[in-house]
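Any value given below was found using the heavy atoms of this structure, including those in side chains, with hydrogens, waters and symmetry copies removed.
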Amino acid sequence: MALLLHSSAFCFSGVVHSVTLKRCNARASVGFSAPPLVSIPRFSLQGKAFSGDRLPETKDSSLVVCFGEMLIDFVPTVNGLSLADAPAFKKAPGGAPANVAVGIARLGGSSAFIGKVGEDEFGYMLADILKENNVNNEGMRFDPGARTALAFVTLRSDGEREFMFYRNPSADMLLQEAEVDFNLIRKAKIFHYGSISLITEPCKSAHIAAAKAAKDAGVLLSYDPNLRLPLWPSADSAREGILSIWELADIIKISEEEISFLTKGEDPYDDAVVRKFFHPNLRLLLVTEGADGCRYYTKEFSGRVKGLKVDAIDATGAGDAFVAGILSQLAEDFSLLQNEERLRDALKFANACGALTVMDRGAIPALPTREAVLNAILKSVA
């Protein structure tokens with residue numbers, strides 16, 4: 001159902017941030033080299049590290065806990081128009097960590113979400129959506145003094161996006177360390193997070209404490225920077241913030257655009273450039289390439305898995321669906337990280353998750369079921 005927005009319908013007092021997402025066009029072959037990541041100031045987080053020769057301890061559950069923001073995306077009903085010219089918007093729940101949590105549950109996995117929303121109609125709606133999608137929402141908190149974040153999305157004719165955010169501050173920025181459900185984190189097999197929760201306090205401290213608790217408990221850490229540059233004070237602060245927790249993660253998913261940004265313009269298709277991001281304790285580095293699929297890097301092997309070709313309507317949530325696809329399988333079996341053939345199959349599944357998501361508007365509404373993904377893969381090879 002579309003939500004019609006008129007000039008008199010909404011009054012916002014928050015700060016507005018806008019951002020355009022672009023694709024890189026350069027190409028280079030996948031080679032193999034491993035220079036170290038450039039050294040910059042980082043938070044010192046001590047915890048259990050996983051050596052390259054062994055897998056983390058197996059937990060009884062396959063729970064993936066996702067930490068960060070959940071918000072409302074307003075997606076235009078017509079592509080190719082500016083926000084001002086869009087005739088109507090579809091209200092869609094979103095926020096990268098929440099998208100991943102729902103994506104995993106929709107694929108039949110076990111997931112939970114930790115974050116904060118406003119004590120308002122949108123906040124309660126988001127909590128209900130998690131519950132309806134079989135996501136554990138016990139770690140969700142409600143702020144009586146701040147609103148749930150909103151993001152208006154412009155869709156270009158090719159399905160790529162521009163964002164305008166309303167936060168001043170929004171409730172997700174105000175999560176405090178004392179409000180974090182650490183017991184839930186310690187039960188997880190994988191703890192997944194982004195970088196938006198690192199931008200401001202008190203959420204920044206809550207994020208760092210949550211990641212430390214997960215590391216101390218032997219939980220596998222998954223990181224998707226999910227760059228939204230206008231939300232940061234500056235480009236330099238974004239680079240520093242994103243890289244500050246880089247070496248804590250066991251699995252990192254990054255896009256071509258983010259590689260270009262973090263390296264200040266270096267070629268994201270140059271394998272030597274990508275390998276700069278591979279830190280000593282990293283088990284898997286994934287580089288997404290949109291419709292072209294993804295590249296994967298471990299200490300033992302690397303390669304590329306082609307994407308599934310579809311007609312794109314809205315790219316919102318595609319990267320999150322990809323992350324949900326790979327994490328849902330890793331949560332069931334960490335040994336995928338040591339078997340290239342099985343990892344490639346898992347990434348083919350993850351690519352299909354992302355592809356199916358771009359065929360509908362909004363993130364969470366478009367996330368596919370396991371059956372839909374398997375059917376799409378079968379059709380692609382028929």
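Closest non-hydrogen pair, Ala127 versus Met140, comes out as CB-SD, 3.4 Å. Listed here is the closest heavy atom pair of Pro76 and Phe89: N-CD2, 3.6 Å. Closest non-hydrogen pair, Pro169 versus Leu174, comes out as CG-CD2, 3.9 Å. Here the closest non-hydrogen pair linking Ala98 and Ile364 is O-CD1, 4.5 Å. Of all heavy-atom pairs between Glu332 and Ser328, the closest is CG-O, 3.5 Å. Here the closest heavy-atom approach between residue Thr298 and residue Leu337 is recorded as CG2-O, 4.5 Å.
Partners of Asp236 by salt bridge (Lys or Arg N to Asp or Glu O under 4.0 Å), not counting sequence neighbours, listed by chain and number: Arg239. Evaluation of the side-chain hydrogen bond (donor to acceptor under 3.5 Å, both in side chains) rule for Glu177 yields no partner, not counting sequence neighbours. Residues satisfying the side chain to side chain contact (heavy atoms under 4.5 Å, CB included) test with Glu340, not counting sequence neighbours, are Tyr296, Phe301, Arg344. Applying the side-chain hydrogen bond (donor to acceptor under 3.5 Å, both in side chains) rule to Arg370 yields no partners; only residues at least two apart in sequence or on another chain are considered. Applying the side-chain hydrogen bond (donor to acceptor under 3.5 Å, both in side chains) test to Asp333 and every residue at least two apart in sequence or in another chain returns Ser335, Arg342. Asn351 pairs by the side-chain hydrogen bond (donor to acceptor under 3.5 Å, both in side chains) definition with nothing, not counting sequence neighbours. Qualifying salt bridge (Lys or Arg N to Asp or Glu O under 4.0 Å) partners for Lys309, counting only residues two or more places apart in sequence or in other chains: Asp292.
Side chain of Arg361 to backbone of Thr77: a donor-acceptor contact under 3.5 angstrom is found. Remark: the backbone N or O of Ala249 is paired with a side-chain donor or acceptor of His279 at under 3.5 angstrom. Checking side-chain atoms of Lys299 against main-chain N and O of Pro280 turns up a donor-acceptor pair under 3.5 Å. Proximity of a side-chain donor or acceptor of Ser205 to a complementary backbone N or O of Pro202 within less than 3.5 Å is not detected.
Contact annotation: the side chain of Val102 approaches that of Leu130 to within less than 4.5 Å [non-hydrogen atoms, C-beta and beyond]. Contact annotation: the side chain of Ile259 never approaches that of Glu266 to less than 4.5 Å [non-hydrogen atoms, C-beta and beyond]. Using a 4.5 Å heavy-atom cutoff, the side chains of Leu198 and Trp232 are in contact. Two residues are said to be in side-chain contact when any heavy atoms from C-beta on lie closer than 4.5 Å; Ile242 and Tyr223 meet this criterion. Annotation: side chain of Leu343 is not in contact with side chain of Gln329 (no heavy-atom distance under 4.5 Å). Counting heavy atoms from C-beta on, the side chains of Phe113 and Asn137 never come closer than 4.5 Å. With a 4.5 Å cut-off on side-chain heavy atoms, Asp172 and Arg167 count as touching. You'll find the side chain of Thr357 reaches within 4.5 Å of the side chain of Pro368, heavy atoms only.
Donor-acceptor pairing under 3.5 Å is recorded for the side chains of Glu257 and Ser255.
Atom OG in Ser222 sits 9.0 Å away from atom CD1 in Ile252 (nearest 0.5 Å). Between the CD atom in Glu258 and the CG atom in Leu227 there is a gap of 5.5 Å [rounded to 0.5 Å]. Note that CD1 of Ile245 and OG of Ser195 are 7.0 Å apart. Values are rounded to the nearest 0.5 Å. The CD1 atom of Ile190 lies 9.0 Å from the SG atom of Cys66; values are rounded to the nearest 0.5 Å. In this structure, CG on Leu248 lies 9.5 Å from CG on Asn281, to the nearest 0.5 angstrom. Separation of atoms CD1 (Ile72) and OG1 (Thr148) is listed at 7.0 Å; rounding is to 0.5 Å.
Within the structure, every pair that satisfies the side chain to side chain donor-acceptor pair (under 3.5 Å) test and touches residues 100-111, not counting sequence neighbours, is listed here: Arg106-Asn133. Evaluation of the salt bridge (charged side-chain N to carboxylate O under 4.0 Å, His left out) test over residues 140-154, restricted to residues two or more places apart or in two chains, returns Lys116-Asp143. For the ring pair (Phe, Tyr, Trp, His ring centres under 6.0 Å) condition, no pair includes a residue of residues 335-370, sequence neighbours left out. Sorted by first and then second residue, the salt bridge (charged side-chain N to carboxylate O under 4.0 Å, His left out) pairs involving residues 63-76 (not counting sequence neighbours) form an empty list.
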ask   = Where do Val65 and Arg186 land on the side-chain contact (heavy atoms from CB on, under 4.5 Å) test, with the steps shown first?
value = CA-CA 9 Å; Val65 173; Arg186 295 185 185 103; over 6 Å; no
task = Start with the C-alpha distance between Leu282 and Tyr297, add both sets of side-chain angles, then the distance that settles side-chain contact (heavy atoms from CB on, under 4.5 Å), and finish with yes or no.
result = CA-CA 10 Å; Leu282 191 61; Tyr297 302 81; over 6 Å; no
ask   = Step by step, would you call Lys253 with Asp320 a salt bridge (Lys or Arg N to Asp or Glu O under 4.0 Å)?
value = CA-CA 10 Å; Lys253 172 261 176 187; Asp320 304 325; 5.8 Å; no
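Within a 6.0 Å sphere centred on CG of Asp85, heavy atoms belonging to other residues, nucleotides or ligands number more than 12. Within a 6.0 Å sphere centred on CD of Glu201, other residues, nucleotides and ligands contribute more than 12 heavy atoms.
The cluster map of Ile, Leu, Val, Met, Phe, Trp and Tyr, joined by side-chain heavy atoms under 4.5 Å apart, puts Tyr124 and Leu71 in different clusters. A single hydrophobic cluster is not seen to contain both Met173 and Phe142; linkage of ILVMFWY side chains at heavy-atom distances under 4.5 Å, directly or through other members, places them apart. Grouping the Ile, Leu, Val, Met, Phe, Trp and Tyr side chains by contacts below 4.5 angstrom, directly or via other members, places Leu286 with Val305. Connection of Leu221 to Ile208 is established within a shared hydrophobic cluster, with ILVMFWY side chains joined at heavy-atom distances below 4.5 Å, either directly or through further cluster members. Note on Ile326: it does not cluster hydrophobically with Leu308, by side-chain heavy-atom contacts below 4.5 Å among ILVMFWY residues.
The cationic atom of Lys91 (NZ for Lys, CZ for Arg) does not lie both less than 6.0 Å from the six-membered ring centre of Phe122 and within 45° of the ring axis.
The aromatic rings of Tyr166 and Phe152 lie perpendicular to each other, with more than 60° between the two planes, well past the 30° mark. Relative ring orientation between Trp246 and Phe277 is described as tilted, the plane-to-plane angle lying within the 30° to 60° band.
Other residues sharing a hydrophobic cluster with Val78 under the 4.5 Å side-chain heavy-atom criterion for ILVMFWY residues are Leu81.
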